[in-house]
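First comes the structure, then the notes that go with it.
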Protein chains: 2
Amino acid sequence: MTLTTTSPARSTYAEIAEKAGVSKATVSRVLNGDERVHPDRAASVMLAAENLGYRPNRAARALSTGRTGLVAVVIDDEPTALSDPFWGVVLAGISRVFMANDLHSLLMVTPLDSPDGAVAHYLEGGEVDGAIFLQVHKDAVIKKAHSQGLPVVLIGRPIDADSDIPFVDTDNVGGGLQATKYLFDRGCKKVATLTGDLDASAGIDRLDGYKKAHEAEGIEVDSDLIARANWSFESAKIMTLRLLAKHPEIDGIFAANDIMAIAAISAIQERGRRVPDDIAVVGFDDSLLSQTHRPAITTVRQDIIGLGAAAAETMIALLQERNPEVEVLATEIMIRESA
Amino acid sequence: MTLTTTSPARSTYAEIAEKAGVSKATVSRVLNGDERVHPDRAASVMLAAENLGYRPNRAARALSTGRTGLVAVVIDDEPTALSDPFWGVVLAGISRVFMANDLHSLLMVTPLDSPDGAVAHYLEGGEVDGAIFLQVHKDAVIKKAHSQGLPVVLIGRPIDADSDIPFVDTDNVGGGLQATKYLFDRGCKKVATLTGDLDASAGIDRLDGYKKAHEAEGIEVDSDLIARANWSFESAKIMTLRLLAKHPEIDGIFAANDIMAIAAISAIQERGRRVPDDIAVVGFDDSLLSQTHRPAITTVRQDIIGLGAAAAETMIALLQERNPEVEVLATEIMIRESA
DNA sequence: TTTGCTCGTGAAACCGATTTCGTTATTTGT
DNA sequence: ACAAATAACGAAATCGGTTTCACGAGCAAA
């Protein structure tokens, strides 16, 4: 014999209506804040609902209004995507805001390759009220969804400038500028950079910040000091060794993420130079790595929870047919040992 | 003027019924695989559905069947929880399996402190068909949900042994055993361990594996060599320095995660000893850190995607009222430089 | 040939909230 | 004081599937 207590039977409008001596229509009006109900009746409905421990049935509401209260959160399923702690934190930010607004996030981890794939079907089917996209490589699905009128929010600036899809992003340009300027302020004369993947806006923008810092300083950008890596340890290590061989006078490196900063330090030390005394290194992300690594990495912190929250708020604005403002979140430099 | 194409009007049973010249009831039977429909009719229904590009309306189905096709995935919202890449990968595993089975995961990142909090309401309200819990500290909510008959799956072994809640877990005992045995096989004579939080099953079990390895080797466990840390870099570093001071003869350390392994290495090197020559170190998790750190960490790999997938499959079994088997996933040792 | 099944099917009820529409009671305008 | 407008509310239709129930056809047993 199992001891499973069955959950208490759920109450419905019909029961509330009976208890309060009104019709279902009136119950609906009261519970949806319609002003035109007599205060006394409204009060008795509220009381009855309270006493019955009423909880609305989402499916029923969805059926009659056509809105589900569900927002898809789609991650392009590269094997490694979610192993980046970044996305987990973004998810947390999204989820918090949604839960506070009686919305739910439907997580879809799946390849976005085909505009007719499984995700596309889900997004079309009216199963969700909107979609937030993370880590986008192919945007066909997104454009399709957007053109069909589904509210869509991107995390990260879209690459084609003429896109009118709402997005939220970290101020990567500002962050790159902060990092590079910090190196100059520290006395560096020759600052190189290890870029991320330049097909992604984060990579492009951080490099852009690096260039802007040179401009501000009145220093010509030497394209020889720009090493195109791809976020990975290996690529960054190879590029750093090459940089050092060709330009031994380099005294500062801005790496577009922390992993590459660590790779750079590793390469620098292999060549018998010291960090930060001979060469100062700044990373990006304020990852756990940057805190635990020795020397600890000076890095650019972004507000990741805030990024998720901003995305969720943008979605809420869209759902209410308000015009969302593009949010670009500020960064902050965390000074540690490597620079 | 906006160019928003509206999505194509969705077709319904009524339209299919008309086109195929049958009733809605028959359409329902065919589309749900009821055998008792004449094959000819069935075929014409299928054809009509195909032509109309029919997609079922989840809300309508949920309303009439009482099942939503949604499973809550609940993460106890410690600030740091989702910054651990582990959970992101688990989510990916869950999501994949669910999407292949026409289920959806509803992500809830929220504190689980009160058994009457927001989550509890959602879980009670019939809004989801089941719930998978990650990273559990307080289990009141879980027990409540389970006792009300909601299908529940835990990731990680529950701490109280008499719980009858289904769970999936990594074989932490086996992993601890593998790691410690490897150190013995390598010739270590005196192996210490840095434990995780011993309030969590992962911490307890990995320590248990450490003890089992001693048993197998016929070596008495010296409780002085068991240093209680709490997964963090700082705690592990302090404990390692203490261990080294008190027992300079230690020649191997099993750390219950990679971060603590790195901390141990850092402490060892500060004391002027070499890794792995003087002291070999093994970690746990096969995290990115363990791969990029120098020396690279020898560590125990767990199948995290598989863990998520197993949880999802257990949930599916529960939803089909089959008896799920408890899954405990094997680990694998990754030999690198630190041991 | 009649009784009793089973089989295949459609009409209609149903799930629970929303919304339209019409009715009654009250107020406003002249 | 009477027509017209307005406010407050309930009955019933609606959303799109699922499920019950009843009915007729076909077939076997008697």
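The CE atom of A/M99 sits 8.5 Å away from the OG atom of A/S105 when rounded to the nearest 0.5 Å. Taking CG of B/L70 as the reference point, atom CG of B/D129 lies at 6.5 Å (rounded to 0.5 Å). In this structure, the separation between CD1 on A/I142 and CG on A/L150 is 11.5 Å, given to the nearest 0.5 Å. For the atom pair B/S28 OG and B/R61 CZ, the distance stands at 8.5 Å (nearest 0.5 Å). Expressed to the nearest 0.5 Å, how far CG of B/L307 lies from CD of B/E327 amounts to 9.5 Å.
Residues satisfying the ring-ring contact (aromatic ring centres under 6.0 Å, His included) test with A/F133, not counting sequence neighbours, are none. Looking at residues two or more places apart in sequence or on another chain, you find a side chain to side chain contact (heavy atoms under 4.5 Å, CB included) between A/R157 and A/F167, A/D169, A/S201, A/I204, A/D205.
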Contact state string [nucleotides 10-20 of chain C, B base, S sugar-phosphate only, - no protein heavy atom under 4.0 Å]: BB---BBBBBB
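At distances below 3.5 Å, at least one donor-acceptor pair connects side-chain atoms of B/T68 with backbone N or O atoms of B/E127. When atom types are taken as modelled, the side chain of A/R29 and the backbone of A/R36 share no donor-acceptor pair closer than 3.5 angstrom.
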Under 3.5 Å donor-acceptor pairs involving side-chain atoms of residues 314-324 of chain A, not counting sequence neighbours:
from: A/T314; atom 1: OG1; to: A/A310; atom 2: O; distance (Å): 2.8
from: A/Q320; atom 1: OE1; to: A/R322; atom 2: NH1; distance (Å): 2.3

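Across all strands shown, B/V37 has heavy atoms under 4.0 Å from sugar-phosphate atoms exclusively, and none from any base.
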Is there any protein nitrogen or oxygen under 3.5 Å from a nitrogen or oxygen in nucleotides 25-28 of chain C, and what are the pairs?
none

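Here the range on DNA chain D touched by chain B, meaning any atom under 4.0 Å from one of its heavy atoms, is D/dG16 to D/dT20.
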